[in-house]
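Data first, discussion second: the structure below is written as structure tokens.
Quantities reported herein were computed from a predicted structural model and do not represent experimental measurements.
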Amino acid sequence: METPENEIFRDSIGTVTEEGKRAWVYPKKPSGKFYEYRKWVSYFLLAFLFLSPFIKINGNQFLMFNVLERRFNIFGFPFWPQDFHLFVISMLIGVVFITLFTVAFGRVFCGWICPQTIFMEMVFRRIEYWIEGDRNKQRKLDRQKWDAEKIKKRLLKWFIFLIISFLIANVFLAYLISGDKLLRYITDGPFQHLSTLFPLIIFTAVFYFVFAWFREQVCIIACPYGRLQGVLLDNKSIVVAYDHKRGEAENGRKSFRKNEDRQALGHGDCIDCVQCVNVCPTGIDIRNGTQLECVNCTACIDECDHIMESINLPKGLIRYTSEENIEKKAPFKLTPRIKGYIAVLTILTGLLTGMLFLRNDVEANILRLPGQLYEHKENNIISNVFTYKLVNKTTVDIENVSFKLMSHKGKLKLVATSENFVVPSQGIAKGTLFIEINNTSLSGDRNKIKIGVYQGDELIETTTANFLGPRSFK
């Protein structure tokens with residue numbers, strides 16, 4: 001099927017030329033109401049990103065994703081391998097939350113919250129504007145020969161980019177190995193921890209490559225979220241959109257001329273100044289409609305509002321709105337799909353909250369020693385050997401810990417340790433124990449027994465195990 005002429009732009013990426021080469025984007029420095037709002041949001045999120053690995057709640061790092069040791073902290077709640085189901089549910093909540101906002105408000109996450117956008121637009125590009133100047137000066141510098149001025153500006157920019165990339169890599173490392181360990185490694189010196197230094201250098205190189213060269217290509221080519229929005233969006237979603245009804249009217253857009261009656265001539269309010277294109281960080285023309293490359297950064301809204309204001313026309317030619325609102329002036333409503341996502345999000349959040357409240361600070365695991373049968377002792381006593389593992393999820397030592405048999409009368413003996421022991425903070429206590437029960441209390445060859453874990457006289461956890469006995473023949 002042949003592509004309509006006005007949709008040909010969708011057949012290729014705007015940052016690639018017809019010859020297949022990179023078309024470098026030189027966005028104009030944005031300014032305006034939304035840009036100021038985005039700056040404050042970015043400052044908050046940058047502070048959150050850099051401080052989270054070093055903030056502690058009840059001794060737990062605020063955010064940590066230690067994949068190697070399979071230990072995760074989310075908002076101060078520790079998640080161990082035994083809590084993997086909770087971690088999965090919390091990740092599902094994050095996915096559903098982003099999906100819900102995409103269905104309702106388009107790619108707002110990309111423009112306002114995504115770390116790639118925040119670092120690129122609010123850190124690296126602002127440094128670039130400071131050193132090389134705005135759009136036209138950057139284009140001129142690129143065409144300029146490698147004289148003293150160009151070498152000086154480029155080396156200064158690349159050096160600052162490298163330093164910031166190194167800082168980002170360190171923060172990224174703090175999320176993986178914990179902030180305390182990172183600070184200790186820095187104090188010890190880099191050459192004392194070469195196994196960590198080399199990955200740090202690799203991450204620094206990756207971040208430098210992304211922000212110094214790959215840039216907006218991450219959003220256009222690499223990020224799957226841009227393609228996901230094509231599935232999630234519909235004509236009721238609130239997105240950054242150009243009001244083509246108002247902008248084009250009957251006879252299309254036309255350059256501005258003073259004292260000209262545009263309405264009488266049948267022309268729309270768009271004066272074809274192309275400033276919305278010049279300010280776009282991904283180099284698209286928002287007037288072509290919703291596009292894969294649009295990250296809803298609002299730069300075109302600010303720029304268009306400024307132009308409309310300067311020629312005494314109403315603002316909002318480009319604004320946050322839906323296609324349905326542009327076509328039919330229909331207000332935003334909760335669609336059945338949005339209500340469905342809200343319901344799923346509510347259920348998952350309630351489930352996670354309930355599980356967190358029911359979760360114990362100590363988790364016990366008692367298993368019969370593999371390959372070992374029961375032992376028949378005198379006085380009709382049956383003995384089984386078990387291994388135990390106690391996980392302490394808190395940041396304090398749990399002292400005076402002991403086991404008690406709760407479901408049957410019998411004896412429980414620990415091997416190579418006293419009856420009362422300590423489970424270290426955020427650590428594991430392992431060992432072996434014997435359980436002896438009179439055969440008259442057993443029912444058959446397999447018996448479910450209940451064991452309590454006590455701290456002093458306080459019951460802090462219960463667990464079950466299978467106890468083997470002689471098979472009865474009746």
Side-chain angles (χ1 to χ4, degrees), residues 4-10 14 25-41 104-108 110-112 121 125 129 134-137 139 233 235-291 293-333:
E5 188 176 342
N6 63 343
E7 294 287 325
I8 289 176
F9 72 93
R10 298 190 189 277
V25 178
Y26 300 91
K28 181 182 176 182
K29 185 177 181 181
S31 62
K33 179 181 69 175
F34 282 106
Y35 185 65
E36 291 301 315
Y37 292 158
R38 284 177 59 216
K39 280 201 292 189
W40 286 109
V41 171
F105 304 112
R107 211 170 169 178
V108 67
C110 295
W112 290 77
E121 303 303 323
R125 280 210 204 275
Y129 292 136
D134 208 343
R135 168 184 166 84
N136 291 332
K137 290 184 178 179
R139 290 164 66 93
L233 294 182
N235 61 353
K236 297 177 179 62
S237 302
I238 302 296
V239 295
V240 173
Y242 165 69
D243 189 342
H244 59 89
K245 291 281 189 181
R246 175 188 155 192
E248 306 294 320
E250 294 178 6
N251 296 326
R253 59 188 82 136
K254 183 178 183 293
S255 299
F256 177 74
R257 289 185 181 179
K258 197 172 183 181
N259 300 323
E260 183 180 59
D261 191 346
R262 300 176 65 87
Q263 287 186 346
L265 294 170
H267 293 292
D269 285 354
C270 179
I271 63 172
D272 209 15
C273 62
V274 202
Q275 293 305 304
C276 58
V277 180
N278 292 341
V279 81
C280 179
T282 57
I284 66 167
D285 189 341
I286 192 65
R287 297 172 299 177
N288 288 330
T290 302
Q291 296 158 69
E293 298 94 330
C294 180
V295 294
N296 281 22
C297 70
T298 71
C300 55
I301 296 180
D302 283 331
E303 197 65 26
C304 187
D305 281 352
H306 173 71
I307 297 296
M308 292 294 105
E309 199 172 30
S310 64
I311 60 175
N312 296 318
L313 287 174
K315 294 191 289 187
L317 180 60
I318 301 175
R319 63 184 185 274
Y320 272 122
T321 188
S322 66
E323 290 294 330
E324 190 175 61
N325 179 264
I326 292 173
E327 295 286 348
K328 305 176 183 177
K329 303 299 180 185
F332 174 75
K333 292 181 181 179

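A distance-only check finds a donor-acceptor pair linking the side chain of R262 to the backbone of G268 [under 3.5 Å]. Looking at D305, its side chain does come within 3.5 Å of a backbone N or O of G316 through a donor-acceptor pair. A donor-acceptor pair under 3.5 Å is formed between the side chain of D302 and the backbone N or O of F34. S322 contributes a side-chain N or O that, together with a main-chain N or O of N325, makes up a donor-acceptor pair within less than 3.5 Å. For R319 (side chain) and D243 (main-chain N/O), no donor-acceptor pair under 3.5 Å exists by modelled atom type.
Residues N235 and E327 fail the side-chain proximity criterion, which asks for heavy atoms closer than 4.5 Å. In this structure, F332 and K236 have side chains that are not in contact, with every pair of non-hydrogen atoms separated by 4.5 Å or more. Two residues are said to be in side-chain contact when any heavy atoms from C-beta on lie closer than 4.5 Å; R287 and D272 meet this criterion. Looking only at side-chain heavy atoms (C-beta outward), R38 and C297 come within less than 4.5 Å of each other. For the pair C304 and Y242, the minimum side-chain heavy-atom distance is 4.5 Å or more. Annotation: side chain of I271 is not in contact with side chain of S255 (no heavy-atom distance under 4.5 Å). Counting heavy atoms from C-beta outward, Y320 and V239 have side chains that stay 4.5 Å or more apart.
Under the side chain to side chain contact (heavy atoms under 4.5 Å, CB included) rule, H267 has a single partner from E248, K254, E250, which is K254.
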Checklist entry - Step by step, would you call N278 with E303 a side chain to side chain contact (heavy atoms under 4.5 Å, CB included)? => result CA-CA 9 Å; N278 292 341; E303 197 65 26; over 6 Å; no
Item to check | Residue pair N251, L265: steps toward the side chain to side chain contact (heavy atoms under 4.5 Å, CB included) verdict | outcome: CA-CA 8 Å; N251 296 326; L265 294 170; 5.6 Å; no
Next on the checklist: Does E36 form a salt bridge (charged side-chain N to carboxylate O under 4.0 Å, His left out) with K39? I'd like the steps, not just the answer.
Outcome noted: CA-CA 5 Å; E36 291 301 315; K39 280 201 292 189; 3.2 Å; yes
Checklist entry - Going through the distances and angles, do D269 and R246 end up as a salt bridge (charged side-chain N to carboxylate O under 4.0 Å, His left out)? => result CA-CA 6 Å; D269 285 354; R246 175 188 155 192; 2.7 Å; yes
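Closest of all the heavy-atom pairs between P27 and V279 is CB-O, 3.9 Å. Scanning all heavy atoms of the two residues, the minimum distance from W112 to V41 falls at O-CG1, 3.6 Å. Nearest approach of A299 to P30, heavy atoms of both residues: CB-CB, 4.1 Å. I318 and C300 get closest at one heavy-atom pair: CG2-SG, 3.8 Å. When all heavy atoms of R125 and V25 are compared, the closest pair comes out as NH1-O, 4.3 Å. Between I286 and Q291, the shortest heavy-atom contact is CA-NE2, 4.0 Å.
With no hydrogens or angles considered, no side-chain donor-acceptor pair links E121 and Y35 at under 3.5 Å.
Within 6.0 Å of CD on Q263 lie no more than 12 heavy atoms contributed by other residues, nucleotides or ligands.
Taking CZ from F256 and CE from M308, the interatomic distance works out to 9.0 Å, rounded to the nearest 0.5 Å. A distance of 10.0 Å separates CD1 in I326 from NZ in K245, rounded to the nearest 0.5 Å. The CG atom of L317 sits 11.0 Å away from the NE2 atom of H244 when rounded to the nearest 0.5 Å.
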